[in-house]
Trainee: 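Can you read through this structure? Questions will come right after.
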Amino acid sequence: MPRSGAASLTPDRVAAFRLGRHHLARRAPRGALASVVGGMAGAQAQLLSAARISLSARTADLTVEDVDVALAERRLVKVGCMRRTLYLVPSDDVAVFVRGTARRAEKEVRWALGKGVPGRVVEAAIDAALGALDTPRTRPEIAERTCRALGVRSRLVHGGGWGSRGRVAAVPVGALTYPVVDLLHVAAARGVVCYGAPRDGEPTFVRADAWVPGYVDLPPEDAETLLLRRYLEAFGPASVADFATWIGITVREAAAIWARMADELAQVGVEEVEGAVLRSSLPELCRARLERRHVRLLPHFDSYLLGHRGRSHLVADEHHHRVSRAQGWIAPVVLVDGRVLGVWRHLHRRGRLEVEVTPLGRLTRPVVVRIHAEAEELGRLLGAEDLRVTLAPSSETGRT
């Protein structure tokens, strides 16, 4: 139950506020791409193709080239941050997102020490890896330069993530052997690493100070506080546990960050659940309302779905498994007024785009019309010449 004195809000009002903050109520101008990414607290980019669709759902007339140019011009930067996953973030906020999530890297340093690797060996490996990143380099190049600096021989180990069976470059660190990407995760305890431009289909990695124009570093504590602010601006009302889940740290660690901003937070109640928002956001939250139907086709791993520990405010419990799938996959969803009322998939081949929607709830005819409009927008983004939209049969599709 919300405590006495906490403002009481309806779920629709909260949904309207979050939709607005995520630019899902009204698409932003095409030239505001970096602002859109900042407003949604980063665009999940484990699949870059999904990130492009995510941004198209929020930005008017966006093209694939717009996103690629923003990356090439370094207005957007790809980094590993929340939950050790990949995100696109505004270049001005690289330190906020990477330094602000460095507690996980500190934990990995402690893990190596617990495995018996001397501290001086761990620190030497981190220094050598960061020293290799003065310009964008591939994993084999990083392994070769890091090992040369350490006076050891590089290795090949099985890895690469997501079920890959390939062999990847790795660096011996004491009794441990780190694939390059894993070593860079550890290095995030001391430095800020981001992705450079791909080379011949291979990712490259580079220090932020050597890549981001006008890069300004931040102490981790300041970055954590700013990251909490970005989080609450996009996902409030929220709890300490929600923030911990989003960032990928313990509730105790999240509470320590939360406490620094206690004077800037206001408690609100949403039905039987209490959460916090920035006091500066409270007037906008209390005015927010759903004035018309908001329908979007959100892709795999859309950031809007990742902000809270539970998803009962987004999808009915009986359909939760249709959205949160095995091995951490988050399905593409049909979002209607902030609620998941369907899942979808698409196939784009030889200029033809096929979109198949499976309803999870009642879809009115106006909503179906909006789904077709969003599918047309997807077709425009992907350059499809022909479009076919199909809806799986549902007894809950209505007329009104």
Trainee: Supply the atom-to-atom distance L226 CG to D222 CG, rounded to the nearest 0.5 angstrom.
Mentor: 7.0 Å

Trainee: Using a strict cut-off of less than 4.0 Å between a Lys/Arg side-chain nitrogen and an Asp/Glu carboxylate oxygen, indicate whether E356 and R388 qualify as a salt bridge.
Mentor: no

Trainee: What pairs with V157 under side-chain contact (heavy atoms from CB on, under 4.5 Å), at least two apart in sequence or on another chain?
Mentor: V168, A170, T177, P179

Trainee: Do other residues, nucleotides or ligands put more than 12 heavy atoms under 6.0 Å from K115 NZ?
Mentor: no

Trainee: Out of curiosity, L341 CG to L360 CG, how far, rounded to the nearest 0.5 Å?
Mentor: 7.5 Å

Trainee: Could you list all the ring pair (Phe, Tyr, Trp, His ring centres under 6.0 Å) pairs where at least one residue sits in residues 201-229, not counting sequence neighbours?
Mentor: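 Sorted pair list: Y195-F205.
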
Trainee: Please identify each residue that fulfils side-chain contact (heavy atoms from CB on, under 4.5 Å) with A15, with sequence neighbours left out.
Mentor: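 For A15, no residue satisfies side-chain contact (heavy atoms from CB on, under 4.5 Å) once neighbours in sequence are set aside.
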
Trainee: Determine which pairs satisfy salt bridge (Lys or Arg N to Asp or Glu O under 4.0 Å) with at least one residue from residues 123-132, sequence neighbours left out, and list them in order.
Mentor: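 Sorted result for residues 123-132: E123-R190.
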
Trainee: Would you find more than 12 non-hydrogen atoms of other residues, nucleotides or ligands less than 6.0 Å from R26 atom CZ?
Mentor: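 No, CZ of R26 has 12 or fewer neighbouring heavy atoms, counting only those of other groups under 6.0 Å.
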
Trainee: Output, in order, the C-alpha distance, side-chain angles, deciding distance and verdict of side-chain contact (heavy atoms from CB on, under 4.5 Å) for F235 and H22.
Mentor: CA-CA 9 Å; F235 293 105; H22 277 256; 3.5 Å; yes

Trainee: When you look at R83 and Q44, which way does the side-chain contact (heavy atoms from CB on, under 4.5 Å) test go after all the steps?
Mentor: CA-CA 11 Å; R83 306 174 306 282; Q44 223 270 20; 4.2 Å; yes

Trainee: Is it true that, when you exclude R153 itself, more than 12 heavy atoms of the residues, nucleotides or ligands shown sit nearer than 6.0 Å to its CZ?
Mentor: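 For R153, atom CZ is not crowded (no more than 12 foreign heavy atoms under 6.0 Å).
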
Trainee: Check the surroundings of atom CD in E385: do more than 12 heavy atoms from other residues, nucleotides or ligands lie under 6.0 Å from it?
Mentor: no

Trainee: Considering residues at least two apart in sequence or located in another chain, which fulfil the side-chain contact (heavy atoms from CB on, under 4.5 Å) criterion with H23?
Mentor: A28, V36, R58

Trainee: Can we call the ring centroids of Y178 and H185 under 6.0 Å apart?
Mentor: no

Trainee: Which residue pairs satisfy the salt bridge (Lys or Arg N to Asp or Glu O under 4.0 Å) criterion with at least one member in residues 333-342, sequence neighbours excluded?
Mentor: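 Applying salt bridge (Lys or Arg N to Asp or Glu O under 4.0 Å) to every pair that reaches into residues 333-342, excluding sequence neighbours, yields R293-D337.
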
Trainee: Quick one: list whatever passes salt bridge (charged side-chain N to carboxylate O under 4.0 Å, His left out) with R311, sequence neighbours left out.
Mentor: none

Trainee: Applying side-chain contact (heavy atoms from CB on, under 4.5 Å), name anything that partners R325, two or more places apart in sequence or on another chain.
Mentor: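 Expected list: W329, A331, V343.
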
Trainee: According to side-chain hydrogen bond (donor to acceptor under 3.5 Å, both in side chains), does anything in residues 6-18 pair up with another residue at least two apart or in another chain? List the pairs.
Mentor: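 Sorted result for residues 6-18: R18-H308.
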
Trainee: Could you walk me through whether R380 and E376 pass the salt bridge (Lys or Arg N to Asp or Glu O under 4.0 Å) test, one step at a time?
Mentor: CA-CA 6 Å; R380 184 201 57 76; E376 289 175 1; over 6 Å; no

Trainee: Can you tell whether the side chains of R84 and E108 come within less than 4.0 Å, N to carboxylate O?
Mentor: yes

Trainee: Check whether H346 reaches the backbone of E354 with its side chain - one donor and one acceptor, N or O, closer than 3.5 Å.
Mentor: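 Judged by distance alone, no pair lies under 3.5 Å.
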
Trainee: Applying side-chain hydrogen bond (donor to acceptor under 3.5 Å, both in side chains), which residue pairs with at least one partner in residues 29-38 are found, sequence neighbours left out?
Mentor: R30-D66

Trainee: May I have all residue pairs that pass salt bridge (Lys or Arg N to Asp or Glu O under 4.0 Å) and include part of residues 192-204, sequence neighbours excluded?
Mentor: R139-E202, E141-R199

Trainee: Taking atom CG of D386 as the centre, does the number of heavy atoms from other residues, nucleotides or ligands within less than 6.0 Å exceed 12?
Mentor: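 For D386, atom CG is crowded (more than 12 foreign heavy atoms under 6.0 Å).
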
Trainee: Could you go step by step and tell me if V323 and V333 meet the side-chain contact (heavy atoms from CB on, under 4.5 Å) rule?
Mentor: CA-CA 7 Å; V323 175; V333 304; 4.1 Å; yes

Trainee: Once salt bridge (Lys or Arg N to Asp or Glu O under 4.0 Å) is applied, what residue pairs with a partner in residues 235-254 remain, sequence neighbours excluded?
Mentor: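 Of all non-adjacent pairs touching residues 235-254, none passes salt bridge (Lys or Arg N to Asp or Glu O under 4.0 Å).
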
